[in-house]
Amino acid sequence: MIVLIDCNNFYVSCERIFNPGLKDKPLIVLSNNDGCVISRSEEAKRIGIQMGIPVFKIRDLIHKNKIFVFSSNFTLYANISRRVMHILKTYSEKIEIYSIDEAFIELRLHKSSYKECRNILNIIQKFTGVPVSIGMARTKTLAKIAVSLAKKRKDNIFIFNEYSNMLNLFKNIDIFDIWGIGKRYTKSFYKNGVYTAFHLIHLNESWILSNFNINVLKTYMELKGIVCYPIETYKKPKKSITVSRSFVNPILSFDILEKYINDFAFLCSYKMRLEKKRSNSMSVFIQTSFYHDNIYSGFTSENFFKSTDNYIEIVKKSSLLLVKIFKKKFKYKKAGVILNELNNFDSYQLPLFADKPQDKIISKESLMCSIDYIINNFGYSKIKLASQNLGYNWRTNKEHISPMYLSEWNEILDVKI
DNA sequence: TCTGGGGTCCTAGGACCC
DNA sequence: TCTGGGGTCCTAGGACCC
């Protein structure tokens, strides 16, 4: 059986670990730039705070209800996530870490399965302070449904076994709440009179295939208990790496935008080098706000002469690509850099005409390693290329950020005894 | 005034080959 | 007047997920 362990309101729960006073209080965590709500406590949900809503629309609500507000502290959340996953690994060798707050594991179904789930839940709660919900079923898609049912129960556990009246339960599962069915598909299902999981499993395969695609068919099969998405225990290598940001204040000037793009390219290179990869091609994009007039978005890609993991070459290229898409008189609100077609750093295709002199100028691997060393030991802001933002940090607005309790010596919680 | 960031996969259509 | 059949590869755009 596939067991899905899902942390409840994960970011909110992380903040509460170090702030027990926040228990039972309404609490939200915001996206970068403190823009949108990305995690809500049950109390905040009850007040009517919607997922993804921009903060400026709920200022009054926050004030009136004394909702506690936190900026996102991903370093902290990642550390806590690692602890939760570490515990799960002791229960099953077959584990797939699906996201920062979810993992699938494989367990045998037996009489005391419920007890076993109960035990997992208690241990995680006790050792990490994170409350979780657990769903157990034959397939991932069913386990997803099970976990959503678990969240509505007091014990936070739900198992689909031979005794559960699945068909009946499916009548109350909106098609939109099925894993793999998003906004658009929901719309076309509704148009065809398909509103619930119950309706979906009574369709025929060819109709689904001709109106949707292979993925929707797989979802349908999974609902029927046929495994189409097995647990994937190995970490799939990344195919692309992105660094992008929204700007608090829109940017009009090419020179300023270029410095940001160079920063993004530098960070993107660093992330790629951590993964021990090289890239064959790079994309750069810039966008105005979609919420106002005078909309423009530019996107372009280009191959490298040969695949590279060289900071200087990548940053240089980012400027060249920006020139291609930059247009004057637009207010740019977001920009980003993507490294595509990643290969392993030690096995990659050479071009037919490699070793042109232009290659040699910047093929100083030892210099690249020194840059890595400085970043790893002294921090990301301690070394930059001259074309980057030297004056100030582009790190975004985080007005309500909590301390890095688990990763900075000087931010560790004080305990008075 | 103020609206996140990072991914993967599928498909239709175009361009090309014999 | 009538104009085949069988492929591959690439890309943009559109879905989906957390």
Side-chain angles (χ1 to χ4, degrees), chain A residues 4 6-7 9-11 28-39 49-60 62 69-74 77-78 81 96-104 140-141 144 147-148 175-189 208-219 228-229 232 235-250 264 267-268 271-272 275 280-281 283 285 287-292 295 297 299-303 331 333-342 394-399:
Chain A
L4 173 60
D6 190 322
C7 302
N9 320 326
F10 184 56
Y11 300 160
I28 54 177
V29 175
L30 309 181
S31 62
N32 251 356
N33 283 335
D34 294 342
C36 297
V37 175
I38 55 171
S39 184
I49 308 278
Q50 306 245 300
M51 186 64 169
I53 192 154
V55 178
F56 71 86
K57 285 189 178 171
I58 53 165
R59 284 263 147 76
D60 287 350
I62 291 174
V69 177
F70 283 85
S71 305
S72 40
N73 183 345
F74 288 111
Y77 309 152
S81 171
E96 175 183 345
I97 297 169
Y98 180 66
S99 72
I100 192 163
D101 68 334
E102 281 171 81
F104 294 104
K140 281 184 179 172
T141 307
K144 276 275 189 184
V147 108
S148 72
I175 192 109
F176 181 62
D177 295 328
I178 300 169
W179 190 45
I181 309 292
K183 234 184 190 169
R184 294 298 178 103
Y185 292 167
T186 297
K187 217 174 154 190
S188 23
F189 271 122
I208 293 175
L209 217 42
S210 61
N211 286 276
F212 295 92
N213 57 35
I214 186 70
N215 286 334
V216 178
L217 186 66
K218 282 183 177 175
T219 298
C228 296
Y229 300 110
E232 287 174 1
K235 206 178 133 203
K236 276 195 185 162
K238 282 206 171 103
K239 295 182 174 179
S240 69
I241 295 177
T242 305
V243 171
S244 74
R245 290 292 179 281
S246 297
F247 307 121
V248 179
N249 302 309
F264 298 163
L267 179 56
C268 209
K271 284 181 163 186
M272 183 175 70
E275 301 260 330
N280 261 320
S281 85
S283 311
F285 66 89
Q287 296 170 357
T288 61
S289 168
F290 293 128
Y291 302 97
H292 301 98
I295 291 176
S297 78
F299 180 95
T300 189
S301 309
E302 206 175 276
N303 286 356
K331 294 179 177 174
K333 188 67 185 155
K334 185 177 177 178
V337 166
I338 309 170
L339 290 169
N340 305 299
E341 294 178 56
L342 306 184
W394 49 265
R395 302 266 155 173
T396 48
N397 260 9
K398 279 183 188 280
E399 236 176 278

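Chain A is the first sequence line, chain B the second, and so forth, proteins listed ahead of strands; every chain is numbered from 1.
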Undergrad: Counting only side-chain N and O atoms of R245(A), is one of them less than 4.0 Å from OP1 or OP2 of dG6(B)?
TA: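 For dG6(B), OP1/OP2 do have a side-chain N/O of R245(A) under 4.0 Å.
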Undergrad: Please figure out whether K57(A) or I241(A) has its closest DNA chain B nucleotide nearer the 5' end.
TA: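 Comparing both residues, the 5'-ward one is K57(A).
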Undergrad: Please answer whether the main-chain N or O of K218(A) pairs with a side-chain N or O of N215(A) as donor and acceptor at a distance below 3.5 Å.
TA: no
Undergrad: In Å and rounded to the nearest 0.5 Å, what is the OG to CD1 distance from S244(A) to I338(A)?
TA: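 One finds 8.0 Å between OG of S244(A) and CD1 of I338(A).
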Undergrad: Can you check the distance between dC17(B) and dG4(C), where both ends of the measurement are the C1' atom (answer in whole Å)?
TA: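 To the nearest whole Å, 15 Å.
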Undergrad: Quick one: does any side-chain atom of K331(A) pair with a main-chain N or O of I295(A) as donor and acceptor, under 3.5 Å?
TA: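 Side chain of K331(A) to backbone of I295(A): no pair is present.
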Undergrad: From NZ of K218(A) over to P of dC17(C), roughly how many Å is that when rounded to an integer?
TA: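 After rounding, the reported distance stands at 15 Å.
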Undergrad: Contact class for Y98(A) (heavy atom, under 4.0 Å): base, sugar-phosphate, or nothing?
TA: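 Y98(A): backbone/sugar contact only, no base atoms under 4.0 Å.
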Undergrad: From the set dT8(B), dC9(B), dA15(C), return the single nucleotide nearest to any side-chain atom of R184(A).
TA: dA15(C)
Undergrad: Classify the nucleic acid contact of I181(A) as base, sugar-phosphate or nothing, counting any heavy atom under 4.0 Å across all strands shown.
TA: sugar-phosphate
Undergrad: Base, sugar-phosphate, or nothing: which does S289(A) touch, judged by heavy atoms less than 4.0 Å apart?
TA: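 Nothing, no heavy atom under 4.0 Å.
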Undergrad: Nearest of dC10(B), dC18(C), dT8(B) to any side-chain atom of S99(A)?
TA: dC18(C)
Undergrad: Using a 3.5 Å distance criterion without hydrogens, assess whether the side chain of K398(A) forms a donor-acceptor pair with backbone atoms of S72(A).
TA: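 Judged by distance alone, yes, a pair lies under 3.5 Å.
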Undergrad: With respect to the phosphate group of dC9(B), does any side-chain polar atom (N or O) of K239(A) fall under 4.0 Å of OP1 or OP2?
TA: yes
Undergrad: Measure CD/E275(A) against C1'/dG7(B) and give the value in whole Å, please.
TA: 12 Å
Undergrad: Using a cut-off of strictly less than 4.0 Å, decide whether K236(A) has a side-chain nitrogen or oxygen near OP1 or OP2 of dC9(B).
TA: yes
Undergrad: Across the strands shown, which category fits K144(A) at heavy-atom distances under 4.0 angstrom: base, sugar-phosphate, nothing?
TA: sugar-phosphate
Undergrad: Provide, to the nearest angstrom, the distance between the CE atom belonging to M272(A) and the C1' atom belonging to dG6(B).
TA: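 Rounded to the whole Å, the gap is 16 Å.
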Undergrad: Measuring to OP1 and OP2 of dT3(B), would you say a side-chain N or O of H292(A) lies under 4.0 angstrom away?
TA: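 The answer is no; no side-chain N or O of H292(A) sits under 4.0 Å from OP1 or OP2.
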Undergrad: OP1 or OP2 of dG5(B) versus the side-chain N and O atoms of T242(A): is any pair under 4.0 Å?
TA: no
Undergrad: Tell me whether the OP1 or OP2 atom of dG6(B) has a side-chain N or O from S244(A) closer than 4.0 Å.
TA: yes
Undergrad: What's the closest nucleotide to the side chain of I214(A) if the choices are dG5(B), dT11(B), dC16(C)?
TA: dT11(B)
Undergrad: Does Y11(A) or F212(A) map to a spot on DNA chain B nearer the 5' end, using the closest nucleotide for each?
TA: Y11(A)
Undergrad: Within this structure, what is the CG-to-C1' distance between D34(A) and dC2(B), rounded to whole angstrom?
TA: 11 Å
Undergrad: Whole-Å distance between dG6(B) C1' and Y77(A) OH?
TA: 17 Å
Undergrad: Report which part of the nucleic acid K140(A) touches: base, sugar-phosphate, or nothing (heavy-atom distance under 4.0 Å, all strands).
TA: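 No contact.
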Undergrad: Looking at I28(A), is its backbone amide N or carbonyl O close enough to the side chain of S39(A) to form a donor-acceptor pair, meaning the two atoms are under 3.5 Å apart?
TA: no
Undergrad: Please pick, from dC17(C), dG7(B), dT3(B), the nucleotide with the shortest atom-to-atom distance to any side-chain atom of S240(A).
TA: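 In terms of side-chain proximity for S240(A), the closest of dC17(C), dG7(B), dT3(B) is dG7(B).
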Undergrad: From the set dT11(B), dC18(C), dG4(B), return the single nucleotide nearest to any side-chain atom of N213(A).
TA: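 Of all the options, the side chain of N213(A) is nearest to dT11(B).
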Undergrad: Is any side-chain nitrogen or oxygen of N215(A) closer than 4.0 Å to OP1 or OP2 of dC9(B)?
TA: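 Indeed not, no polar side-chain atom of N215(A) lies that close.
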Undergrad: Rounded to whole Å, how long is the line connecting atom CG of L217(A) with atom P of dA15(C)?
TA: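 Computing the L217(A):CG to dA15(C):P distance gives 19 Å.
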Undergrad: So if I take every side-chain heavy atom of K183(A) and compare against dG7(B), dC18(C), dC16(C), which nucleotide ends up nearest?
TA: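 Taking heavy atoms from C-beta onward, the closest nucleotide is dC16(C).
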Undergrad: Report the nucleotide, chosen from dG7(B), dT3(B), dG5(B), that has the shortest atom-to-atom distance to any side-chain atom of K238(A).
TA: dG7(B)
Undergrad: Would you check if Y185(A) stacks with the base of dC16(C), given a 5.5 Å centroid limit and a 30° plane limit, both strict?
TA: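 The ring of Y185(A) is not stacked on dC16(C).
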Undergrad: Are more than 12 heavy atoms, taken from residues, nucleotides or ligands other than Q50(A), located less than 6.0 Å from that residue's CD atom?
TA: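 Not more than 12 within 6.0 Å, no.
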Undergrad: Base, sugar-phosphate, or nothing for I53(A), non-hydrogen atoms under 4.0 angstrom?
TA: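 Touches nothing.
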Undergrad: Among dC18(C), dC10(B), dG7(B), find the nucleotide with the atom closest to the side chain of D101(A).
TA: dC18(C)
Undergrad: Of all the nucleotides listed (dC18(C), dG4(B), dG7(B)), which has the minimum atom distance to the side chain of I38(A)?
TA: dG4(B)
Undergrad: Could you check how far NZ of K235(A) sits from P of dG6(B), rounded to whole Å?
TA: 16 Å
Undergrad: Quick one: does any side-chain atom of N397(A) pair with a main-chain N or O of V248(A) as donor and acceptor, under 3.5 Å?
TA: no
Undergrad: Rounded to the Å, how far apart are K187(A) NZ and dC16(C) P?
TA: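 Rounded to whole Å, this separation is 11 Å.
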